[in-house]
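Read through the structure below, which is laid out as structure tokens, and then see the notes.
Bear in mind the structure is a predicted one, so any value in this text is a computation, not a measurement.
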Amino acid sequence: ISDAAVIEAVGFAGIGLACQLPAFLFGGGLAGLQRQDISNGIAVVTTSVRHGVALGLLWGLSSSVVVVIAWQAASALLSAAALLIALWVQLPSNGRRPRFQFSLLRDTGKFASSLGGMAVLGTVVMQSDKTIVGALLPFSVVGHYMLASVIATNLMAIAQPVAAAAFPRLSHLIATKEWSSLRSNFSLLSQLAVLMSLPVMIVIVMLPAQTLMVWTGNAAVAHSASPILRYLVIGAILNAFAAIPWELCIAMGRVGPLLD
């Protein structure tokens, strides 16, 4: 592939990346309206079309990397446009002409910066163990640790659909001061997140070597990495317990004290 083609492909990739911010914003708006069904439907359709057409391009319609990346950028733009239209249709009308309000940015600046700080801190914490292990231990041990880490990280995603649905619901109940419903919803969602996550995690904690054997088919790797996997999955269990309380903290706007 030529240098010019690489530059062109990177340019299209940048366009696709730039489309992620408005898509995330519009998807968040639909979530705030508790219409995740619409955003999920759009995501299913656009993702299927994106990868289906990309697969067709790779199989014979075009072998050009630039064309494939350009299609990915175009599909990202179409996805953002679809989310914008869906959000616009769902927004209630107040009879006034839409306009940009800088006051909203000022009012949410502190909360947004606190939330961003938590995201950065969480990323640092999630990656610091790998940095330390890579610096102190042999390469073979690092490989076993990374394998166990991949499994544990994927397990943490089990509770995320419940957490994603919990945030707009809890925010609505807090905004309307329905404290009794807030308590019952918080309890129900917490139990649901744990119920979805705990059974498979407990099985892996009890049978880490067998899990790795099924995953890798390598007895030596399963034996070496099983103690690591057990402790990482215990951490994933604690993460599942914290998923809904964390969403409640965000919904109440009490993120700043967590950074103090």
Side-chain angles (χ1 to χ4, degrees), residues 1-33 35-91 98 100 105 112-113 115-131 134 139 142-143 145-161 163-165 167-168 215-216:
I1 184 170
S2 65
D3 292 345
V6 171
I7 294 173
E8 192 174 0
V10 170
F12 283 120
I15 294 173
L17 184 62
C19 292
Q20 298 303 310
L21 178 59
F24 181 78
L25 177 64
F26 303 145
L30 288 170
L33 295 171
R35 293 310 309 266
Q36 296 97 326
D37 55 328
I38 296 177
S39 60
N40 290 341
I42 292 173
V44 168
V45 172
T46 55
T47 301
S48 300
V49 172
R50 176 186 304 175
H51 295 299
V53 173
L55 196 59
L57 291 172
L58 291 173
W59 271 354
L61 296 179
S62 175
S63 59
S64 171
V65 173
V66 175
V67 172
V68 174
I69 300 299
W71 162 247
Q72 294 289 335
S75 61
L77 181 60
L78 292 174
S79 177
L83 288 168
L84 171 60
I85 293 171
L87 176 60
W88 188 262
V89 171
Q90 292 298 317
L91 284 174
F100 191 86
L105 292 179
S113 60
L115 198 58
M118 286 299 299
V120 172
L121 180 60
T123 301
V124 171
V125 171
M126 289 292 292
Q127 300 301 322
S128 61
D129 60 331
K130 303 172 184 62
T131 303
F139 186 74
V142 175
Y145 186 90
M146 291 302 299
L147 173 63
S149 179
V150 167
I151 297 175
T153 302
N154 288 334
L155 290 174
M156 286 192 290
I158 297 176
Q160 289 309 306
F167 174 67
W215 187 280
T216 65

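Heavy-atom minimum distance, Pro168 versus Gly32: CB-CA, 4.2 Å. Nearest heavy atom pair, residue Ser48 against residue Val44, reads OG-O, 2.7 Å. When all heavy atoms of Ala82 and Ile42 are compared, the closest pair comes out as O-CD1, 3.7 Å. Closest approach of Gln20 to Ala76, counting heavy atoms only: NE2-CB, 3.9 Å. Heavy-atom minimum distance, Ile69 versus Ala13: CG2-N, 3.6 Å. For the pair Phe12 and Ala73, the tightest heavy-atom approach, listed with the atom from each and the gap, is O-CB, 3.2 Å.
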**Request:** May I have the step-by-step check of side-chain contact (heavy atoms from CB on, under 4.5 Å) for Leu147 and Thr216, ending in yes or no?
**Result:** CA-CA 9 Å; Leu147 173 63; Thr216 65; 3.5 Å; yes

**Request:** Carefully, step by step, assess Leu33 and Leu91 under the rule side-chain contact (heavy atoms from CB on, under 4.5 Å).
**Result:** CA-CA 8 Å; Leu33 295 171; Leu91 284 174; 4.1 Å; yes

**Asked** Leu83 and Ser39: side-chain contact (heavy atoms from CB on, under 4.5 Å), yes or no, with the steps?
**Response** CA-CA 7 Å; Leu83 288 168; Ser39 60; 4.1 Å; yes

**Request:** Go through the steps to decide whether Gln36 and Leu30 satisfy the test side-chain contact (heavy atoms from CB on, under 4.5 Å), and finish with yes or no.
**Result:** CA-CA 6 Å; Gln36 296 97 326; Leu30 288 170; over 6 Å; no

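Contact of the Ser75 side chain with the His51 side chain is not registered, since no non-hydrogen atoms from C-beta on lie closer than 4.5 Å. Looking at heavy atoms from C-beta onward, Arg35 lies in side-chain contact with Asp37 at the 4.5 angstrom threshold. By the 4.5 Å heavy-atom criterion applied to side chains, Trp71 and Val66 are not counted as neighbours.
The distance from the CG atom of Leu87 to the CZ atom of Phe26 is 7.5 Å, given to the nearest 0.5 Å.
The main-chain N or O of Tyr145 is never found under 3.5 Å from a side-chain atom of Ser149 such that the two would form a donor-acceptor pair.
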